[in-house]
Amino acid sequence: MPTAVSPLLQESSSGAAQPRRKMRLTATLILLAGLTLLAGCERNEEKPKPGPPEVTVVDTLQQDVPIYDEYVAQLNGPVNAEITPKVQGYLLRQNYQNGYFVKQGQLLFELDPRQYQAAVDQAQADLAQAKANLARVEADVARDTPLAAQSAIPQKQLDNDVANQQSWEAEVKAKQAALANAELNLGWTKVYSPIDGIAGVSNSQIGDLVGTGTKMATVSQVNPIWAYFNISEGRFLKVAPEISSVIMGKVSLKSVNNSPIEYIQANNDPYPQKGYFIYVNRQVGTATGTIQMAAQFPNPDAILRPGGFGRVRFQTSLSKGALLVPQASVIEVQSLYQVIVLNGENKAMFRPVEVGERVGTNWIITKGLQPGEKVVVDGILKVQQFAAAAPELAKTGIPVVPKPYVAPAAAAGSN
């Protein structure tokens with residue numbers, strides 16, 4: 001027989017289930033609201049189509065442009081005198097300051113002179129003895145000459161006297177030469193500078209035994225100073241006719257220079273003094289295919305020093321009516337060049353070009369552009385990305401927002 005449920009228990013059970021149904025309904029409503037909101041966000045986050053890229057443009061410039069060649073150069077003095085003693089001896093003193101300017105004939109080093117002074121004294125004594133013997137035989141000849149004429153003495157005796165005189169005359173000359181040599185050796189214990197120039201750091205210390213194989217120091221002539229550089233054989237052939245007229249003595253090398261030579265120092269600062277060519281070497285290097293040239297520069301303050309590296313720069317030609325664009329506007333891909341040109345509707349198109357010399361921050365365009373055409377300088381990557389996204393516009397022109405290009409202040413004044 002089924003057990004009867006109390007009305008109170010039924011009411012209690014029904015009251016507990018009702019809140020659970022309400023909670024499930026609320027959760028369902030919240031989930032639906034979230035999905036609706038998420039869908040709305042996705043619709044709101046649709047990316048807008050990009051507008052025309054912003055670029056800077058510049059007009060193609062036409063003007064006469066001087067063309068310069070530039071080469072790495074190394075400085076050296078016209079004369080670099082290796083100071084080497086001519087005699088052996090112990091170094092007593094150094095009479096100059098390392099790295100200072102010295103004059104021709106200035107005393108640089110002194111060696112111990114005592115052994116050479118002793119040699120001079122010995123040579124002087126030997127010469128005096130030879131002169132005394134010569135005087136004795138000269139007296140014999142003077143005495144015996146009239147006696148032999150009178151047959152008072154045998155002629156043979158006079159002949160012996162004359163032979164002795166000639167022998168001692170020769171001995172005197174030999175002793176004089178020995179004395180002169182000894183005096184030279186004594187003098188060479190003092191080492192003098194053969195030129196005006198900068199004396200380097202001494203390689204010898206006080207007390208060192210130095211000799212004819214010892215390079216004690218180097219004195220370099222620095223005013224003027226020479227800059228050596230190598231040019232290719234192809235470049236040389238362009239000026240070979242002028243050089244040939246120089247070496248044949250028809251004109252001077254300085255007279256064929258169309259412009260002075262500029263020296264750019266290692267810190268990229270131009271050296272204030274201008275130079276000129278002084279020589280071309282006799283042969284083309286078989287290993288390098290280049291020929292050596294040298295330019296001379298005034299250097300009164302010894303700013304430039306031997307061994308220093310820099311660059312020489314000089315004008316080689318004049319390009320008349322050249323078309324110039326900034327180097328930043330030229331796109332190079334596998335030795336092919338192109339620029340982005342704007343038409344009258346502010347649409348950019350890629351155009352292949354041929355390039356010439358680089359002139360400062362600009363580039364000469366030899367083919368593909370006309371004077372006054374506008375080319376893109378900044379924003380090239382934006383145009384390329386836009387073209388990749390819309391390739392159909394690459395043929396008809398990509399719309400852009402152009403702004404005038406302003407060259408950097410430092411580059412604006414460069415050649």
Side-chain angles (χ1 to χ4, degrees), residues 66-84 94-109 191-204 215-231 235 239 243 246 252-281 288 290-316 358-361 408-415:
I67 304 300
Y68 291 86
D69 275 6
E70 192 170 290
Y71 300 95
V72 175
Q74 186 172 24
L75 300 173
N76 207 350
V79 179
N80 297 285
E82 297 287 353
I83 306 303
T84 303
Q94 177 181 330
N95 297 88
Y96 77 96
Q97 194 165 353
N98 291 334
Y100 274 58
F101 185 83
V102 296
K103 299 288 289 183
Q104 182 179 10
Q106 180 176 332
L107 181 62
L108 302 180
F109 300 99
V191 183
Y192 299 91
S193 174
I195 59 171
D196 294 347
I198 300 293
V201 176
S202 172
N203 299 319
S204 302
K215 294 182 179 180
M216 303 179 71
T218 302
V219 179
S220 295
Q221 183 181 352
V222 294
N223 185 31
I225 198 165
W226 292 1
Y228 296 87
F229 58 98
N230 294 316
I231 69 172
R235 277 293 190 188
V239 297
I243 299 300
V246 172
S252 67
L253 183 60
K254 189 175 181 179
S255 68
V256 303
N257 294 334
N258 295 324
S259 63
I261 301 177
E262 185 179 14
Y263 181 77
I264 311 299
Q265 302 175 89
N267 59 359
N268 290 324
D269 288 343
Y271 181 64
Q273 300 275 10
K274 300 297 188 292
Y276 58 90
F277 292 112
I278 53 171
Y279 84 79
V280 180
N281 208 343
T288 61
T290 61
I291 189 167
Q292 187 186 62
M293 300 182 69
Q296 178 173 293
F297 294 87
N299 191 30
D301 298 324
I303 300 299
L304 304 180
R305 295 298 182 95
F309 280 93
R311 305 188 306 277
V312 292
R313 185 172 182 266
F314 51 90
Q315 182 179 341
T316 55
R358 297 174 189 253
V359 182
T361 59
S414 61
N415 290 330

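With values rounded to the nearest 0.5 angstrom, Tyr192 atom OH is found 13.5 Å from Phe109 atom CZ. Annotation: the span from Tyr71 atom OH to Arg235 atom CZ amounts to 5.0 Å, rounded to 0.5 Å. With values rounded to the nearest 0.5 angstrom, Asn80 atom CG is found 9.0 Å from Gln221 atom CD. Interatomic distance, CD1 of Ile198 versus CG of Asn223, reported as 10.0 Å (0.5 Å rounding). Gln296 contributes atom CD, which lies 10.5 Å from atom CD1 of Ile225 (distance to the nearest 0.5 angstrom). Separating the CD atom in Glu262 from the CD atom in Gln315 is a distance of 12.0 Å, to the nearest 0.5 Å.
Ring planes of Phe277 and Phe229: tilted class, angle from 30 to 60°.
Shortest non-hydrogen contact noted between Gln265 and Leu304 is OE1-CD2, 4.0 Å. In this structure, Ala295 and Ile261 approach most closely via the heavy-atom pair CB-CD1, 3.6 Å. Of all heavy-atom pairs between Val102 and Ala199, the closest is CG1-CB, 3.9 Å. The two residues Ala73 and Ala227 have their closest heavy-atom pair at CB-CB, 4.2 Å. The two residues Gln94 and Asn98 come nearest to each other via the heavy atoms NE2-OD1, 2.9 Å. Of all the heavy atoms in Tyr68 and Arg313, the pair that sits closest is CD1-NH2, 3.5 Å.
Among Tyr263, Trp226, Phe309, the one residue that satisfies the side chain to side chain contact (heavy atoms under 4.5 Å, CB included) test with Leu75 is Tyr263.
Looking at heavy atoms from C-beta onward, Ile83 lies in side-chain contact with Pro194 at the 4.5 angstrom threshold.
Remark: Ser204 engages Leu91, Ser202, Asp208, Val210, Thr214, Met216 in a side-chain contact (heavy atoms from CB on, under 4.5 Å) (not counting sequence neighbours). Partners of Gln273 by side-chain contact (heavy atoms from CB on, under 4.5 Å), not counting sequence neighbours, listed by chain and number: Tyr271, Pro298, Pro300. Taking the side-chain contact (heavy atoms from CB on, under 4.5 Å) definition, one finds that Gln292 meets it with Tyr228, Asn230, Tyr279, Asn281, sequence neighbours left out. Listed by chain and number, the residues in a salt bridge (Lys or Arg N to Asp or Glu O under 4.0 Å) with Arg358 amount to none (sequence neighbours excluded). In terms of the salt bridge (Lys or Arg N to Asp or Glu O under 4.0 Å) criterion, Glu82 has no residue partners (sequence neighbours excluded). Judged as a side-chain contact (heavy atoms from CB on, under 4.5 Å), and not counting sequence neighbours, the contacts of Asp196 are Phe101, Lys103, Gln104.
Not one N or O on the side chain of Asp301 forms a donor-acceptor pair closer than 3.5 Å with the backbone of Ile303.
When only modelled atom types and interatomic distance are considered, Arg305 and Asn299 share no side-chain donor-acceptor pair under 3.5 Å.
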